Each structure stands twice: as C-alpha cells, then as structure tokens.
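Remarks on the structure that follows.
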Amino acid sequence: MFYPVKYVNKIILVLLLTLLPISSWGKEADLFDTNRARLLGHMLQQQLSGKHYTQKPTDDALSHAAFDLYLKQLDFQKRFLLQEDIDQLNFFRDQIDDAIRRGRLELPLAGRDILNLRIAQIQIIITELFQEEIDPTRVESIETDPEKLDYMTNLTELRERWRKIIKGQVFSRYINLREDDIGVDDDGNLLSVDEDTDEELLFQAKEKVAKTDHNLLKRMLKETPQDHYNRYLSAIARAYDPHTSYLPPTTKEDFDIQMSGSLEGIGATLREDDGYIKVVRVIPGSAAARQGQLSADDIILKVAEGNDDPVDITDTRIRDAVALIR
C-alpha cells in the first residue's frame with residue numbers, strides 16, 4: 001500500500017510491506033516461505049513501477065541503480081569488502097529487476113555472508129593492531145571520502161587501511177581527552193603535559209577506541225537476515241528517487257510516531273543515510289528544538305549520557321540508534 005506524504009515540498013512515497021525473508025543462498029533457505037517471498041517481489045515491482053510518479057520501467061537500468069545503492073549501504077566507507085567480494089556480488093547487478101518479479105531475493109543473504117566473513121577477519125586484525133605500538137612521529141594521511149577510495153584487493157591492504165583508521169581514531173580521542181583533562185590556552189592550543197601524563201592519556205585513548213571498535217563489529221554481526229532484506233528493499237525503493245523509502249514494520253512504528261507528532265525522546269526525525277544517522281528535521285517545541293544545537297542535515301556520530309563513554313553509532317541500524325538516543 002502507498003501513502004503519499006507531503007514533506008518539505010516533495011512527495012515521499014512510502015511502501016509498507018511485511019517482509020518474510022526468502023533465499024536459496026545459505027542455510028536459511030529452507031526456513032523461509034517461498035510463496036510469501038514471491039508475493040513480496042511481485043508487490044514491490046507492481047506497486048513501484050505502476051504507481052510511482054517517475055514511471056520508471058523495471059529494467060536493467062533500475063537494477064544497476066538499486067545494486068549501487070545496495071553496495072553503498074552494505075559498506076559505504078569501503079572498509080570491509082574487498083574487490084573480489086564486489087566481483088562476486090556483481091553477478092546480481094543485472095538480476096535485481098528479474099529477481100523481484102520472480103521473488104528470488106538472493107542478494108541480501110549473499111551480501112550478508114560476505115560481509116560477516118570480512119567482519120570476522122577484521123575482528124582478528126584490529127585485535128592485533130591494538131596490541132601494537134602507535135608511532136606518533138610518523139606523518140601519514142588517510143582518504144576519508146569513499147568516492148575517492150577503491151576497494152581493497154587483499155587482506156594486507158585491508159589491514160593497512162584499518163591501521164590508519166585506528167591511528168586516526170586514537171589520536172582524535174587523545175586530543176579530546178587532553179582538552180577535557182588538561183585544557184587549552186586562550187588561543188585554543190593544547191596545554192603542555194609531562195611525559196607520564198602524555199603516555200597515560202594515549203593509553204586511555206587507545207583503550208576507549210578499542211572498546212568502541214569491537215562493540216561496533218559485534219553489533220554488525222548481530223544484524224539479522226531481516227535487517228539485510230530491509231536494506232535490500234530500501235535500495236530498490238530509493239532507485240526510483242531519493243525520497244522513496246521501504247519501511248519494515250518496526251520502522252513503520254517510528255514513522256507513525258513521527259507523523260502523529262507524539263514523539264518521545266529528543267524530538268527529531270532521523271533516517272539512515274549511507275551508514276550514518278542523519279537528522280531530517282527538528283520538531284518544533286521539542287527538547288532538541290529548545291536545546292538549540294541540533295539542526296536538519298546534522299550527522300549523529302556518537303551517543304553518550306553523562307560521563308559515560310560515547311557509543312559510536314556509525315553503521316548501526318536506525319532502530320538501535322534511535323533506542324540509544326531515546
């Protein structure tokens with residue numbers, strides 16, 4: 001069923017379907033209802049192709065757009081998948097239009113299996129990296145724009161990318177700790193510290209980053225097949241235009257709360273955007289509006305309460321992120 005919603009002078013088309021996962025890829029295949037999956041693929045194709053205002057045909061061009069969006073959602077910062085994984089998944093690049101007609105939704109579990117394999121390997125890699133010394137005198141750089149990055153070709157490159165990621169994270173946390181514990185001068189420069197204090201702050205930063213990164217990978221491994229199907233269907237819907245979304249039942253609940261104006265929490269409408277939690281709008285009169293620091297298009301990177309360590313919510317499911325924020 002479609003519900004057209006007027007929002008910031010655009011039409012948001014929200015497809016509300018109940019998803020029961022189906023795939024012949026992986027051990028879960030026999031547990032899913034094939035008829036339900038075929039019905040889902042048929043409804044998705046018929047409703048979007050027939051009722052979406054763009055009137056896009058369900059063809060290879062749509063399949064390519066959906067596939068590219070799916071890859072961005074699967075590994076938007078290109079820090080998990082290797083080029084060989086992309087080559088393997090490219091089998092599905094021309095198949096999405098046919099797959100949703102037939103109800104053979106194989107890509108989500110294929111992507112899940114590959115991603116989980118790489119996450120498990122990265123867990124071992126970062127455990128080793130956090131045991132190594134970080135050289136603060138070595139001047140290095142790292143590209144943070146995923147559009148300028150290539151996928152890594154082997155585990156050696158994967159390890160090197162994560163080494164630089166971790167180094168950047170540790171020194172960023174180190175600076176924050178130094179600012180909080182030692183302070184800055186009138187010009188905003190860090191106040192000097194003795195060698196022992198400097199080493200202790202660096203050690204604390206490393207420990208905190210290690211905890212954050214390991215928790216992130218654990219959360220990613222806990223994603224269910226349902227989560228991966230939701231990501232896949234969202235990519236297909238967004239291939240029609242950026243303001244068309246697929247809402248699974250749990251996200252539909254949040255949508256209803258937001259549209260009714262009865263929102264418990266900080267008072268902001270959020271959405272997942274390529275792995276980030278993005279603020280769509282701040283609700284007038286809410287806690288966030290009164291506080292005044294949160295604005296539309298802001299990215300929420302971490303969540304913390306009081307003196308607790310911030311929790312990194314990058315790559316976190318939006319429902320889990322919302323639960324933390326609320």
Side-chain angles (χ1 to χ4, degrees), residues 15 17-49 52 56-120 146 151-152 220-242 244-249 251 272-275 315 317-318:
L15 179 62
L17 295 172
T18 302
L19 174 63
L20 185 60
I22 167 68
S23 177
S24 60
W25 188 295
K27 297 180 180 179
E28 294 90 344
D30 295 336
L31 302 178
F32 301 136
D33 188 328
T34 303
N35 292 328
R36 289 284 185 90
R38 289 173 177 168
L39 177 61
L40 176 60
H42 176 75
M43 291 176 65
L44 190 68
Q45 188 270 328
Q46 291 294 317
Q47 293 290 318
L48 286 173
S49 63
H52 196 278
K56 287 184 178 180
T58 308
D59 56 12
D60 284 352
L62 181 74
S63 180
H64 294 169
F67 181 80
D68 290 342
L69 287 167
Y70 171 77
L71 281 187
K72 285 185 177 181
Q73 293 181 98
L74 193 65
D75 183 17
F76 74 102
Q77 287 186 320
K78 298 180 181 175
R79 55 180 181 170
F80 293 99
L81 301 181
L82 303 182
Q83 184 59 52
E84 65 184 69
D85 303 328
I86 304 303
D87 294 341
Q88 185 176 350
L89 292 175
N90 268 332
F91 169 80
F92 299 99
R93 184 177 179 81
D94 298 326
Q95 307 297 321
I96 293 177
D97 55 322
D98 300 319
I100 58 176
R101 289 194 190 96
R102 299 194 307 265
R104 294 176 60 85
L105 310 183
E106 299 176 338
L107 176 55
L109 286 188
R112 191 273 314 259
D113 291 345
I114 291 173
L115 180 63
N116 284 356
L117 171 64
R118 298 306 177 197
I119 292 172
Y151 287 101
M152 296 153 288
M220 292 180 69
L221 284 174
K222 288 180 180 178
E223 287 191 332
T224 65
Q226 181 79 55
D227 298 323
H228 285 268
Y229 280 108
N230 293 343
R231 179 183 290 127
Y232 174 70
L233 292 177
S234 177
I236 294 173
R238 288 179 61 195
Y240 282 82
D241 88 296
T244 300
S245 299
Y246 165 78
L247 299 186
T251 307
E272 185 179 351
D273 187 0
D274 289 337
D315 287 320
R317 297 181 302 176
I318 189 166

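In this text, all values refer to a predicted model and were calculated from it rather than measured experimentally. Atom set for the values below is all heavy atoms of this structure, side chains included, hydrogens, waters and symmetry mates excluded.
Atom CD1 of I96 sits about 10.0 Å away from atom CG of L105, to the nearest 0.5 Å. To the nearest 0.5 Å, the span separating CG on L117 from CZ on F80 amounts to 12.5 Å. How far CG of L89 is from CG of L115: 10.0 Å, rounded to the nearest 0.5 Å. Note that CD1 of I236 and CD1 of I100 are 5.0 Å apart. Values are rounded to the nearest 0.5 Å. The distance from the CZ atom of R231 to the CD atom of E223 is 4.5 Å, given to the nearest 0.5 Å. Atom-to-atom distance recorded for Q77:CD and K72:NZ is 13.0 Å, nearest 0.5 angstrom.
Closest non-hydrogen pair, A239 versus L62, comes out as CB-CD1, 3.6 Å. Nearest heavy atoms, L109 versus P225: CD2-CB, 3.8 Å. Considering all non-hydrogen atoms of both residues, Y70 and L107 come closest at OH-O, 3.6 Å. Here the shortest heavy-atom pairing between L81 and Y151 reads O-CD2, 3.6 Å. P146 approaches F76 most closely through the heavy-atom pair CB-O, 3.1 Å. The shortest heavy-atom contact between R118 and E84 is NH2-OE2, 3.3 Å.
At distances below 3.5 Å, not a single donor-acceptor pair connects side-chain atoms of D97 with backbone N or O atoms of S63. Between the side chain of D85 and the main chain of L82, a donor-acceptor pair closer than 3.5 Å is present.
Counting heavy atoms from C-beta on, the side chains of F67 and N90 come closer than 4.5 Å.
Here D60 does not pair with R93 in a salt bridge; the nearest charged N to carboxylate O distance is not below 4.0 Å.
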List the steps and the verdict of side chain to side chain donor-acceptor pair (under 3.5 Å) for T224 and D227. CA-CA 5 Å; T224 65; D227 298 323; 3.0 Å; yes
